[in-house]
Amino acid sequence: MKVAMTGPFSYGPAMAIRIGYARCSTHAQDLEAQRKALLELGVAEDRIYTDHGLTGTSRDRPGLDQALAALREGDTLIVSKLDRLARSVPDARDIAEELERKGAKLALGAAVHDPTDPMGKMFFNIVATFAEFEADLIRMRTREGMAIAKAKGKLRGKRPKLSEKQQKELWRMHDTGEYSISDLAEVFSVSRPTVYRTLKRRKIP
């Protein structure tokens with residue numbers, strides 16, 4: 001693993017540039033803290049690429065694709081933490097291989113890691129493994145929390161879009177044979193699938 005730093009934050013070749021990447025999983029989260037950290041690490045504002053509302057497990061991240069495309073030989077991709085970049089081992093390996101092809105490095109905070117170096121590759125795999133494990137734990141806790149809430153009666157399914165009175169009227173109108181599914185959807189301002197679900201929900205004595 002190669003860590004190349006001189007002074008507060010230096011990367012070697014004078015022409016090398018620093019590309020920053022930031023990501024948050026939901027629109028409710030804020031990228032500002034990551035953006036500020038990247039600026040403090042010497043990344044220019046116009047060199048910061050972001051993905052907002054996209055999970056790390058999804059490889060379809062336009063901002064990351066743009067950041068990788070902007071890298072040239074000798075450049076460094078900078079992220080605040082590896083889990084902002086990848087949340088699985090295969091994803092981390094793919095990104096490491098892309099950096100290696102371009103002759104670029106990765107900086108996690110102020111520490112620079114060279115994916116062409118054997119120790120650097122091992123570091124990528126170890127950290128990515130922990131990131132993937134952490135993501136799995138979060139998913140497991142979420143499922144357990146939902147199960148507990150459901151057992152306590154605090155978690156209910158989606159409420160029907162039509163009130164009980166509206167459902168009965170829809171059933172009555174459907175029974176007349178004068179209204180198509182499309183007609184019922186238009187009358188009650190719902191989608192055709194909702195009409196089908198409402199009819200299926202009906203309990204026939």
Side-chain angles (χ1 to χ4, degrees), residues 1-140:
M1 175 169 52
K2 299 178 182 178
V3 178
M5 291 185 289
T6 60
F9 202 79
S10 177
Y11 291 95
M15 297 302 293
I17 60 174
R18 304 164 191 175
I19 302 292
Y21 175 69
R23 177 191 61 78
C24 60
S25 302
T26 68
H27 289 291
Q29 294 176 321
D30 191 0
L31 286 169
E32 192 54 38
Q34 293 180 61
R35 188 186 296 274
K36 182 179 179 181
L38 292 173
L39 291 172
E40 291 176 351
L41 289 168
V43 181
E45 179 71 38
D46 62 348
R47 295 291 186 179
I48 297 177
Y49 298 86
T50 63
D51 282 316
H52 204 167
L54 296 174
T55 65
T57 55
S58 171
R59 190 57 183 85
D60 184 19
R61 285 163 277 168
L64 176 58
D65 291 340
Q66 292 171 9
L68 292 173
L71 289 168
R72 298 292 182 269
E73 185 175 359
D75 292 347
T76 302
L77 177 64
I78 305 176
V79 292
S80 57
K81 295 190 301 180
L82 185 60
D83 66 359
R84 297 299 88 196
L85 183 66
R87 293 298 296 271
S88 72
V89 174
D91 190 25
R93 286 174 179 165
D94 288 344
I95 294 171
E97 289 174 1
E98 178 72 11
L99 294 175
E100 185 174 354
R101 282 195 298 270
K102 288 178 171 289
K105 297 180 177 64
L106 172 70
L108 304 179
V112 185
H113 305 282
D114 187 347
T116 65
D117 182 87
M119 290 298 290
K121 288 183 178 179
M122 184 179 72
F123 174 82
F124 268 77
N125 288 334
I126 291 174
V127 178
T129 298
F130 278 104
E132 187 173 27
F133 176 64
E134 181 185 22
D136 288 340
L137 282 180
I138 292 173
R139 283 191 289 269
M140 183 179 69

Val79 side chain near Leu108 side chain, heavy-atom distance below 4.5 Å:
yes
Do Arg47 and Ile17 touch side chain to side chain, with heavy atoms closer than 4.5 Å?
yes
Do the non-hydrogen side-chain atoms of Lys81 and Gln34 ever get within less than 4.5 Å of each other?
no
Look up atom CG in Leu71 and atom NZ in Lys105, then write down how far apart they are to the nearest 0.5 Å.
11.5 Å
Let me know which of Asp94, Ile95, Leu99 forms a side chain to side chain contact (heavy atoms under 4.5 Å, CB included) with Glu97.
Asp94
Min side-chain heavy-atom separation Leu31-Asp51 under 4.5 Å
no
What closest approach, in Å, do Gly74 and Ala16 show between heavy atoms, and which atom pair accounts for it?
O-CB, 3.1 Å
Please report the interatomic distance CZ(Arg35) to OG(Ser80), rounded to the nearest 0.5 Å.
12.0 Å
Minimum heavy-atom separation for Ala22 and Leu38, please, with both atom names.
CB-CD1, 4.2 Å
Shortest non-hydrogen pair, Ala70 vs Tyr49, comes out as CB-OH, 3.6 Å
Residue among Leu77, Ile48, Val43 satisfying side chain to side chain contact (heavy atoms under 4.5 Å, CB included) with Ile19:
Leu77
Could you tell me the separation between the CZ atom of Arg84 and the OG1 atom of Thr50, rounded to the nearest 0.5 Å?
12.5 Å
So how far is it from Asp75 CG to Leu68 CG, rounded to the nearest 0.5 Å?
11.5 Å
Could you pull out the closest heavy-atom pair between Leu106 and Leu85, with the gap in Å?
CD1-CD2, 3.9 Å
Spacing of NZ belonging to Lys102 relative to CZ belonging to Arg72, to within rounding of 0.5 Å:
5.5 Å
